[in-house]
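See structure below.
Labels below follow one simple rule: chain letters A, B, ... track the order of the sequence lines, proteins then strands, and each chain is numbered from 1.
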Amino acid sequence: MDINRELKRHFIGRLVQDGRRIDGRGFDEMREISIEQNVIPDKAEGSAFVKLGNTEVLCGVKMDVGEPFPDTPEEGVMMTGAELVPIASPEFEAGRPGEDAIELARVVDRGIRESHMISLDKLVISPGERVWMVFIDLHILNHDGNLIDASTLAAVSALKSAWVPKFEDEKVIREKSSDLPISKIPLSFTYAKIDDAILLDPILDEEFAMDARLTVTTSGTHLHAMQKGETGAFKPEEVFNIVDTTFSKYKEVKKLIK
Amino acid sequence: MDINRELKRHFIGRLVQDGRRIDGRGFDEMREISIEQNVIPDKAEGSAFVKLGNTEVLCGVKMDVGEPFPDTPEEGVMMTGAELVPIASPEFEAGRPGEDAIELARVVDRGIRESHMISLDKLVISPGERVWMVFIDLHILNHDGNLIDASTLAAVSALKSAWVPKFEDEKVIREKSSDLPISKIPLSFTYAKIDDAILLDPILDEEFAMDARLTVTTSGTHLHAMQKGETGAFKPEEVFNIVDTTFSKYKEVKKLIK
Amino acid sequence: MDINRELKRHFIGRLVQDGRRIDGRGFDEMREISIEQNVIPDKAEGSAFVKLGNTEVLCGVKMDVGEPFPDTPEEGVMMTGAELVPIASPEFEAGRPGEDAIELARVVDRGIRESHMISLDKLVISPGERVWMVFIDLHILNHDGNLIDASTLAAVSALKSAWVPKFEDEKVIREKSSDLPISKIPLSFTYAKIDDAILLDPILDEEFAMDARLTVTTSGTHLHAMQKGETGAFKPEEVFNIVDTTFSKYKEVKKLIK
Amino acid sequence: MGGKSSTPLIVKGKRLDGRKPEELRPIKIEAGVLNRADGSCYVEWGKNKVIAAVYGPRELHPKHLQDNTQAVLRCRYNMAPFSVDDRKRPGPDRRSVEISKVIREALERVVFLNYFPTSAIDVFMEVLQADAGTRCAALTAASVALADAGVPMRDLVAGCAAGKVDGTVVLDLMQEEDNYGEGDLPLGYIPSKDEIVLLQMDGDFTKDEFKTALNYAIKGAKKIYALQKEALKRKYTTNKETAKWI
Amino acid sequence: MGGKSSTPLIVKGKRLDGRKPEELRPIKIEAGVLNRADGSCYVEWGKNKVIAAVYGPRELHPKHLQDNTQAVLRCRYNMAPFSVDDRKRPGPDRRSVEISKVIREALERVVFLNYFPTSAIDVFMEVLQADAGTRCAALTAASVALADAGVPMRDLVAGCAAGKVDGTVVLDLMQEEDNYGEGDLPLGYIPSKDEIVLLQMDGDFTKDEFKTALNYAIKGAKKIYALQKEALKRKYTTNKETAKWI
Amino acid sequence: MGGKSSTPLIVKGKRLDGRKPEELRPIKIEAGVLNRADGSCYVEWGKNKVIAAVYGPRELHPKHLQDNTQAVLRCRYNMAPFSVDDRKRPGPDRRSVEISKVIREALERVVFLNYFPTSAIDVFMEVLQADAGTRCAALTAASVALADAGVPMRDLVAGCAAGKVDGTVVLDLMQEEDNYGEGDLPLGYIPSKDEIVLLQMDGDFTKDEFKTALNYAIKGAKKIYALQKEALKRKYTTNKETAKWI
């Protein structure tokens, strides 16, 4: 048991009962968001650096050519990976990705995949044989809570900035041939439940104090992914309210995507 | 040192000196065997669930298409794997297969392979290029001793129930094209040596008490595999007697195979 | 802290201050070298067993056919691996290669690769498709210090004895087709710095006592690889002196290569 | 969700296997099926076959993994190599790591972990045959296996999924519907407390569709819950040591 | 070194990016860029982008790894998957294991490890974009990050490489020069003590070329050292908690 | 056993290398060949070249692996990458894991493990060149290396295989016979006690063939045993620190 963490948890719980958050935000308020695209201009085909408060995520998109999956011969391939690199937090350790990194990558992946953000059907070079593979790699640089939303933002922004290289004589030539074909913009919104309160975009201290977590990913009118986390529970009405909030928050954040 | 196990070991040793076994069987007597085939009817091309007393093994056979080994271009491929899944025993742990699982899979494999039970030469689609691969996977569900014999029984029964899918346009279509071509029926018989006594089909408590173990696999008239285990020793006469017993036991058990 | 090792370190340090070494050698003197080639005559295409004092290294060269790297379609491939097999030292452990084994293999590899000892352009069977791959595997059998130099000697001697098999009908036939095309002879020379003294070819006890290590690989007139190791430091003049010594030592040792 | 199907999945209000949109597949739950485990449960759910075993509370090694305020719950969801169409390589993959995590978090809500500081409670789930909805079947089985092991619990967790197929919200997707459908929503639910402890979703739902789907899944979970209780009752009234299952 | 280039890398005494043989690429060093780390540093060096973070001194687990005479320095050099032309698979490879080792050995020369028995000091270096010379950039960043963390040190280590291109010795290779050049010589250097703590070389140098190259690298390292000090000064005089970097 | 050979392996009662059915290949055993190991042995057996080293009894780390009633015997059988026709990737595979296990079990019969509670005795076997029968050669070498290390033992274990080729039972298969033969029976045997401590078999033997094969292998093992004793005697009478071997 970590005494410090217990005290913080207690303190945050009492604040929340008073309707307050440790950083003064409203329960439905996100932290300040800053997005910078093309931060890895010379090596990545797309990239973005996102700050969500003090949480910092760098996402790089690499394009490569490979074989399609046998069951989708006329579609490109997308893969999402996440590394909780140990520079980001004293809790992270070097080594193979643990269950937190895997869950993070998979939730971000589902939002992008299920919203059909990337038009995978336009990434076919030769059906059944050669397609473009889109590698989305998330590098967490500073962890101050809510990695999922910061990572979705970074991935979406990196994809928006990404381009397709040329492919000649069975070789990838890293010069721009076209923009990556993008349609919808999925965004995720993560809520922490602390006692009976629901807080959008928890900082790390709030994550230590939360009973349960719910992420909802939408492209504006439709829902594409959800993930409940931690050992607490939600009531159905709470989930419905969270969905409502998500749709209205989407409009705000969407404006920041270029 | 596990006191409980030591006491059991002592108790079983004394019983054996009196010519008795803990479950009342004769030294040459196997436990009750029940075999149910096609228990994974919708996904596995062959399957069987075997109970040998309280030892329970599930075997599934999957058929896939791949390249033959370079030195046997006109033969299909067989592979045997075993997972000591942790539901089967408090001693088993999740994780990569340890030496016990590897030995189990290899001894079962040798009996099937060396008896030429599967007519691998009939599993060629295009010589040197495309052959059927037979994956035999053993899933140990309840461990009460003598995993080798229960696993051989399960593998043999699953193979007997197995069928070859169709292969059209470089794709496997999971509809029956023919039965898996089977010739001989190998069966293994495992003996525990406790002091100077030789016990067929040891239960787990007898395995804790045994000095040495010997497995003999036969297809009725010929021997195909043997494996001595544990740190004790056998006299040559003991081995010859075990071989004799094996041939007579084979006739009994063979009747149960459908 | 290992008391024994501390005492040895202290003792060696005092000797060195008196201008002496534990085995009586001069600071610039190598241990006795013995080289036996073709010690794995029936399986390896090239091999050599090298004794450098009590340090014993066996190197085997295997030839195989594979695809070239995409950026060098008209060159064969060379790979160097090292196993610090646990028979060689009580400090070595079974398991995946650690950083010492990796560094050893990479330093030996660099010397051979950068000197262009092997004429990789002569190892092309079909440009961009089929080339010879030269696998150089170092097996350390007895560790008494200076593994790098003993390993380079073993690798170079094994390569000198190596031959290219036949390749017919997409199959390697292990009969000699020609000698492995060899040009230069790289040799490495490793120096230990103990206090202010620089000792060539340290034995293991001297390695325990050394502050820093420097390896220099030359083919006689040119330098091809260097590697500084351990936590101590070198002055630039010390490095220049080491380079001078290396060129003169090369002539002595080169004579031993057949 | 996978690709598009060329043929309709719902014809005249009936699904491929004849079910109505709000109908569950046939389900069989059997508690106490394994001899060695402290608790166990076999669930047959459509063509899914899942078995769960519980070991513990037992000592946790090595010591530095122990928590001196409560038991550590460890969950492993695993698919047998022969449980799917194309043989699965043994060992955990990213999908099974994620599923093991969300199941563990769901079960931690109901197990009184604080009764057993420094201990481990191990829940192992083996998917023997998979036909969509395995995580819900595994959670359902795990929950019964924990009760069968006598592990003190607040209540049982029932798993059930809803989905969307041919534009229609349906209960409990089977494999063809999962492959070619438009959405899946697996739920872990505690009926007595109206609590959602596992919730995932992927696909494409409008707000209304989502609401309908969640309500369907809740109704389904309540039926599963009744079957779980029956299975435990049956186990305690019959006196057999282990039930016949497969 | 890689293959031969078909076009010259030096024309009329100028390199592809317009530099003279003895000229460094533009370099930016920023200390204290990460919020969570005890110390951190971002280095932009030509097109290289490298970030280093330091955690510790902190307790080392498990206990049997502890050294009761001094702290254990652990270094990890890692490349982001998107930092190179062809995506790099995550996780350590043989190259990064070797680089982590030589960087650790260089830093051990300057850190007062004996002040912190039984502890660990962790140095993590992430290459975000790679353009030749990443190990020197990483060592340079690590050194500043250690100072930023307040870890007691004898001095800073500066990294800088020299090389050989079209038969000419040059300072600080960029990627095309590294790919098609004839030699590379990365150096870790402590200017105040004239000490070489990291030295590797590969390629083809005559004795004289080597001497020139080493002298070039030493001169380059001295310039880097000045930039390192400036960065630390800037960090301590401005009062921002974390600097803007990327 | 592998495929069928197109040419006969026995012609007029002679095998490919001129041996009679009951004849061993030339064998050389040398004890004490390694300087660092506590005990060692080199065995050349036909074209097989195997070296074994013993370290211990020594302290076993980490502590939770210790057995406080006896020493833990650890065995590793390993093939050098260049020891076979097609280069073998370094590291253990399923075959070597199994062989390490059966060799360990054979040796545990003769080593007085109970003299050294909490300790480890490590036996490492390296196959430098392989030509069928490597496990018997490795067991033979390991046994001598243990004696050379002064580890207290009941007796030596001798390894030897018999097999079946062209329908004939023969002693000590070489590689072509192993590839194209009909059966292999590796044996670990203690002549003084008439005890079988390693026994494996694969192929196709009638009862009589098996009996003959086992008797052949026993006779072979007795000859090996004599060579083992000679090697140890030679080691103790000559006064060299390490023997020349390769």
Non-hydrogen atoms of chain B under 4.5 Å away: do they reach the side chain of D:Arg58, the backbone, both or neither? side chain
Looking at CD1 of B:Ile87 and CD1 of D:Ile51, how far apart are the two atoms once the value is rounded to the nearest 0.5 Å? 4.5 Å
So, the side chain of D:Gln129 versus the backbone of B:Asp42: is there a donor-acceptor pair under 3.5 Å, distance only? yes
So for B:Pro97, is it side chain, backbone, both, or neither that comes closer than 4.5 Å to the heavy atoms of chain D? neither
Counting distance only, does the side-chain N/O of D:Tyr55 pair as donor-acceptor with the main-chain N or O of B:Ser89 below 3.5 Å? yes
Once rounded to the nearest 0.5 Å, what's the spacing between atom CG of D:Asn35 and atom CG of B:Asn54? 4.0 Å
In terms of heavy-atom pairs under 4.5 Å, which option from B:Ala44, B:Pro90, B:Ala94 contacts chain D the most? B:Pro90
Specify which of D:Gly56, D:Ala80, D:Pro92 makes the most heavy-atom pairs with chain B at under 4.5 Å. D:Ala80
Using 0.5 Å steps for rounding, measure from the CZ atom of B:Phe135 to the CZ atom of D:Arg89. 10.0 Å
Tell me whether D:Lys101 at atom NZ has more than 12 heavy atoms from other residues, nucleotides or ligands lying less than 6.0 Å away. yes
Minimum heavy-atom distance between D:Leu128 and B:Ile40, given as atom pair plus value: O-CD1, 3.6 Å
Against chain B, label D:Arg87 side chain, backbone, both or neither, depending on which of its atoms sit under 4.5 Å from a heavy atom there. both
CG/B:Leu58 to NZ/D:Lys49 distance, rounded to the nearest 0.5 angstrom? 9.5 Å
To the nearest 0.5 Å, tell me how far B:Leu141 CG sits from D:Arg36 CZ. 13.0 Å
Which one, D:Ala37, D:Ser83, D:Gly91, leads in non-hydrogen pairs under 4.5 Å with chain B? D:Ser83
Heavy-atom neighbours of B:Phe11 CZ exceed 12 at 6.0 Å: no
Working to the nearest 0.5 Å, report the span between CD of D:Glu126 and CD1 of B:Ile140. 11.0 Å
Interface moiety of B:Glu93 toward chain D, non-hydrogen atoms closer than 4.5 Å: neither
D:Ala145 versus chain B, heavy atoms under 4.5 Å apart: side chain, backbone, both or neither? neither
B:Arg96 vs D:Pro90 side-chain heavy atoms within contact, under 4.5 Å: no
Walk me through it: do D:Phe82 and B:His139 pass the test side chain to side chain contact (heavy atoms under 4.5 Å, CB included)? CA-CA 10 Å; D:Phe82 45 77; B:His139 230 64; 4.0 Å; yes
Could you tell me whether B:Lys62 and D:Asp86 make a salt bridge, using a distance below 4.0 angstrom between a side-chain N and a carboxylate O? no
Do the side chains of D:Asp85 and B:Lys43 get close enough for a salt bridge, i.e. N-O under 4.0 angstrom? yes
